[in-house]
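For reference, the structure is listed below as structure tokens.
We name chains A, B, ... by the order of the sequence lines, and we start the count at 1 in each one.
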There are 2 protein chains.
Amino acid sequence: MKYSTSKENYIKAIYHLEQEDPVVSTNALARQLATKPASVTDMLKKLNEQELIHYEPYKGVKLTDSGNKLALQIIRKHRLWEFFLVEKLGFGWEEVHEIAEELEHISSKKLIDRLDEFLGKPKTDPHGDPIPDAAGIVPKIEKRCLLDLPIGVSADLISVSNQSADMLDLLRHHQIEIGTRLKITNRFRFDHSLQITVQGGPPVTISEQLAAHLYVAWAKDETD
Amino acid sequence: MKYSTSKENYIKAIYHLEQEDPVVSTNALARQLATKPASVTDMLKKLNEQELIHYEPYKGVKLTDSGNKLALQIIRKHRLWEFFLVEKLGFGWEEVHEIAEELEHISSKKLIDRLDEFLGKPKTDPHGDPIPDAAGIVPKIEKRCLLDLPIGVSADLISVSNQSADMLDLLRHHQIEIGTRLKITNRFRFDHSLQITVQGGPPVTISEQLAAHLYVAWAKDETD
DNA sequence: ATTTTTTTTTAGATTCGCCTAAAATTTATC
DNA sequence: GATAAATTTTAGGCGAATCTAAAAAAAAAT
Ligand SMILES: [Mn+2]
Ligand SMILES: [Mn+2]
Ligand SMILES: [Mn+2]
Ligand SMILES: [Mn+2]
């Protein structure tokens, strides 16, 4: 059960795309992996051979159970390494994705379980995404998009669904990070922008695009 | 300046073989890398193109300055990761080589410098081998083979030149590890075996083969 | 100085992951 | 329902890294 870096990247990409749409298209994969559709088709045939995916020409692709298991192992490694890089080595959360993209392919199972232990078995990575455990179980994290937060209700930032340097730069400008308490004080119909308070500070305005990538947790009956 | 894992493994192997013999043969490389001489010749041509080595057909191979620099960077990564695995994750020193063989190819320079910092800038890896610094300077470690230690002189084990599980198993059986104090109490002409004391304990006998792989440090004038 | 042996290189193939260009199929539009 | 557009697959090829078998060169032995 040892797969190439390339195959592992395909499996992980299919896993992520399945979250949006349960059947993944060749083009979507090509876009995600920055490769060409023809190359994707080639690879899908091989992954199908190895029973990591269900694939029929023109019909799109789905992970098999073993494909899913593999995807979760890779994601576990990715997120644990990201946590290590931020918590132990002091990297910024926008720098770690690229490095973890390499580290996630280190094969030793023992390594990753020891690392997990060393890090104190964290539940989420620096971007707030859940870390699957050794058995591949993903901790369920209750979160809703900031866009859906009612006015006047306080909530904590749990995760961000975009990790580009530009996006994280903007967050840093607003002094928002994972764990920061947010409250919507006003909504503007025209552009759907939001006025919010950050950590109880003065109100600031953020765009709908930004808010769409912020996920928060709040108790439903909690008023403040 | 980004090279494939395979090329990096060749460069590192050439570096190590150069320590024995300044001009490295195709066969020696094939043996070291567990590959075929024909494959080595192919690769030597490419490394020569990229000016990592000096290579002329039938004349053997040597690293260029940039090849040497690259080798030291890879060795630095390898040994820092080994240190991390033993000191932070609690691996045994016989388990780490294989994992480090993968980790040494992770490309981020910033990662390795942060790791170095995090580990407290160690001077040697778990096998006692020196760790090159960020500039590629290898700390000089004074050591001599245990075979050359005079009878009755105490010395500390500094490094081992063989890291096979079998060898480390034997060392563990004798309760010898890096830092252990050894003293030769007798030499036997017949098979060149040695009688030694370990950490001042009762005398035990070790073979010439084992002793040849043990390197110790002792002050020349130190009698005990 | 030949001959034999060993080492090294060349020739030709294979697998992997990728590409472009063209063909096939599906989906959308009139 | 025919036609146009988009998606997907096939065909053919390429570079990297490997291999086996054969040829060439160097080293060792007689
Ligand atoms: Mn990756
Ligand atoms: Mn992440
Ligand atoms: Mn390696
Ligand atoms: Mn080592």
Side-chain angles (χ1 to χ4, degrees), chain A residues 1-15 17-18 20-63 67 70-71 74 101-102 104-105 107, chain B residues 1-14 17-18 20-63 67 70-71 74 101-102 104-107:
Chain A
M1 308 291 171
K2 182 70 182 316
Y3 303 96
S4 71
T5 292
S6 196
K7 280 180 181 157
E8 291 192 347
N9 284 336
Y10 271 83
I11 292 299
K12 189 163 62 105
I14 295 168
Y15 178 93
L17 291 171
E18 269 186 0
E20 313 280 297
D21 185 342
V23 58
V24 177
S25 74
T26 300
N27 266 0
L29 260 173
R31 210 175 312 118
Q32 178 91 358
L33 293 165
T35 184
K36 296 293 145 80
S39 310
V40 172
T41 301
D42 283 353
M43 183 61 94
L44 293 183
K45 286 186 209 158
K46 294 176 201 162
L47 295 175
N48 191 52
E49 283 302 310
Q50 290 178 89
E51 313 209 7
L52 292 170
I53 61 173
H54 295 294
Y55 167 66
E56 276 189 274
Y58 297 105
K59 296 267 180 80
V61 69
K62 263 181 162 61
L63 291 177
L70 177 57
I74 302 162
E101 205 54 52
E102 289 182 54
E104 71 189 358
H105 304 290
S107 59
Chain B
M1 306 295 171
K2 182 68 181 316
Y3 303 97
S4 70
T5 292
S6 196
K7 279 180 180 154
E8 290 191 346
N9 284 336
Y10 270 84
I11 292 299
K12 191 164 62 106
I14 295 168
L17 290 170
E18 268 186 359
E20 314 278 296
D21 186 339
V23 57
V24 177
S25 74
T26 300
N27 266 358
L29 261 174
R31 210 174 312 120
Q32 180 90 0
L33 293 165
T35 183
K36 295 294 144 78
S39 309
V40 172
T41 301
D42 284 352
M43 184 61 95
L44 292 182
K45 286 185 207 158
K46 294 176 201 161
L47 296 174
N48 191 53
E49 284 302 309
Q50 291 177 89
E51 313 210 11
L52 292 170
I53 61 172
H54 296 295
Y55 167 66
E56 275 189 275
Y58 297 105
K59 296 270 179 79
V61 69
K62 263 182 163 60
L63 291 177
L70 177 58
I74 303 162
E101 204 55 52
E102 289 182 53
E104 70 189 357
H105 305 290
I106 302 294
S107 59

Nearest-nucleotide pick for Thr41(A), side chain only, options being dT20(C), dT9(C), dT9(D)
dT9(D)
Residue-phosphate contact under 4.0 Å: Ser39(A) side-chain N/O, dC19(C) OP1/OP2:
yes
Report the distance from atom CD of Glu102(B) to atom OG1 of Thr5(B), rounding to the nearest 0.5 Å.
9.0 Å
Separation of dA17(D) atom P from Glu49(B) atom CD, nearest Å, is 13 Å
Side chain of Thr35(B) only, heavy atoms from C-beta on: which candidate in dA17(D), dC19(D), dT9(C) is closest?
dC19(D)
Whole angstrom value for the distance that separates C1' of dA26(D) from OH of Tyr58(B)
8 Å
To the nearest angstrom, how far is Asn48(B) atom CG from dT9(C) atom P?
11 Å
Pairwise 5' ranking along DNA chain C for Ala34(A) and Pro57(A), keeping only the more 5' one:
Ala34(A)
Axis-to-axis angle across the helix from dA1(C)-dT30(D) to dC30(C)-dG1(D), five pairs each end, nearest 10 degrees, ~ 0°
Does Lys46(B) have a side-chain nitrogen or oxygen under 4.0 Å from the phosphate oxygens OP1 or OP2 of dA17(D)?
yes
In Å, rounded to the nearest 0.5 Å, how long is the span from CG of Leu17(A) to CD1 of Ile14(A)?
8.0 Å
Just the rounded figure in Å: distance from P of dG15(D) to CD of Gln50(B).
15 Å
Using whole Å, report how far CG of Leu29(A) lies from P of dT7(D).
14 Å
OG-NZ distance between Ser6(B) and Lys46(B), expressed to the nearest 0.5 angstrom:
8.0 Å
With respect to the phosphate group of dT7(C), does any side-chain polar atom (N or O) of Ser25(B) fall under 4.0 Å of OP1 or OP2?
no
Rounded to the nearest Å, what distance is computed from the CG atom of residue Leu44(B) to the C1' atom of nucleotide dT7(C)?
13 Å
Quick check: does any side chain N or O of Glu18(B) sit under 3.5 Å from a backbone N or O of Leu63(B), one acting as donor and the other as acceptor?
yes
Measure CG/Leu47(A) against P/dG17(C) and give the value in whole Å, please.
9 Å
Taking N and O atoms by type only, does the side chain of Asp42(A) place a donor or acceptor under 3.5 Å from a partner on the base of dC16(C)?
no
Whole angstrom is fine here: how far is it from CD1 in Ile11(B) over to P in dA17(D)?
12 Å
For dT9(D), does either OP1 or OP2 sit under 4.0 Å from a side-chain N or O belonging to Tyr55(A)?
yes
Gln50(B) atom CD, over 12 foreign heavy atoms within 6.0 Å:
yes
Mind checking if Ser6(A) touches a base, just sugar-phosphate, or nothing, with heavy atoms under 4.0 Å?
sugar-phosphate
Please check the phosphate of dC18(C) (OP1 and OP2 only) for any side-chain N or O of Tyr10(A) closer than 4.0 Å.
yes
With a 4.0 Å cutoff (strictly under), does any side-chain N or O of Tyr3(B) reach OP1 or OP2 of dA16(D)?
no
Students often get this wrong, so: under 4.0 angstrom with heavy atoms, is Pro37(A) touching a base, only sugar-phosphate, or nothing?
base
Any pair with a residue in residues 23-40 of chain B that passes side chain to side chain donor-acceptor pair (under 3.5 Å), sequence neighbours left out, goes on the list, sorted by first then second residue, please.
none
Nearest 0.5 Å please: distance from the OG1 atom of Thr41(A) over to the CG atom of Leu29(A).
9.5 Å
For a quick check of understanding: with a heavy-atom distance under 4.0 Å over all strands, which category does Lys59(B) fall into, base, sugar-phosphate or nothing?
nothing
Looking at dC19(C), dT9(D), dT9(C), which one has an atom nearest to any side-chain atom of Lys36(A)?
dC19(C)
Quick one: which of dT10(D), dT10(C), dA17(D) gets closest to the side chain of Lys45(B)?
dT10(C)
What's the separation between atom CD1 in Ile74(B) and atom NZ in Lys12(B), rounded to the nearest 0.5 Å?
7.5 Å
Examine dA6(D): is either OP1 or OP2 under 4.0 Å from a nitrogen or oxygen in the side chain of Asn27(A)? Give yes or no.
no
Phosphate OP1/OP2 of dT9(C): any Thr26(B) side-chain N/O under 4.0 Å
yes
Per atom distances to the Met43(A) side chain, the nearest of dC18(C), dT8(C), dA24(C) is dC18(C)
Rounding to 0.5 Å, atoms NE2 (His54(A)) and CG (Asn48(A)) come to a distance of 9.0 Å
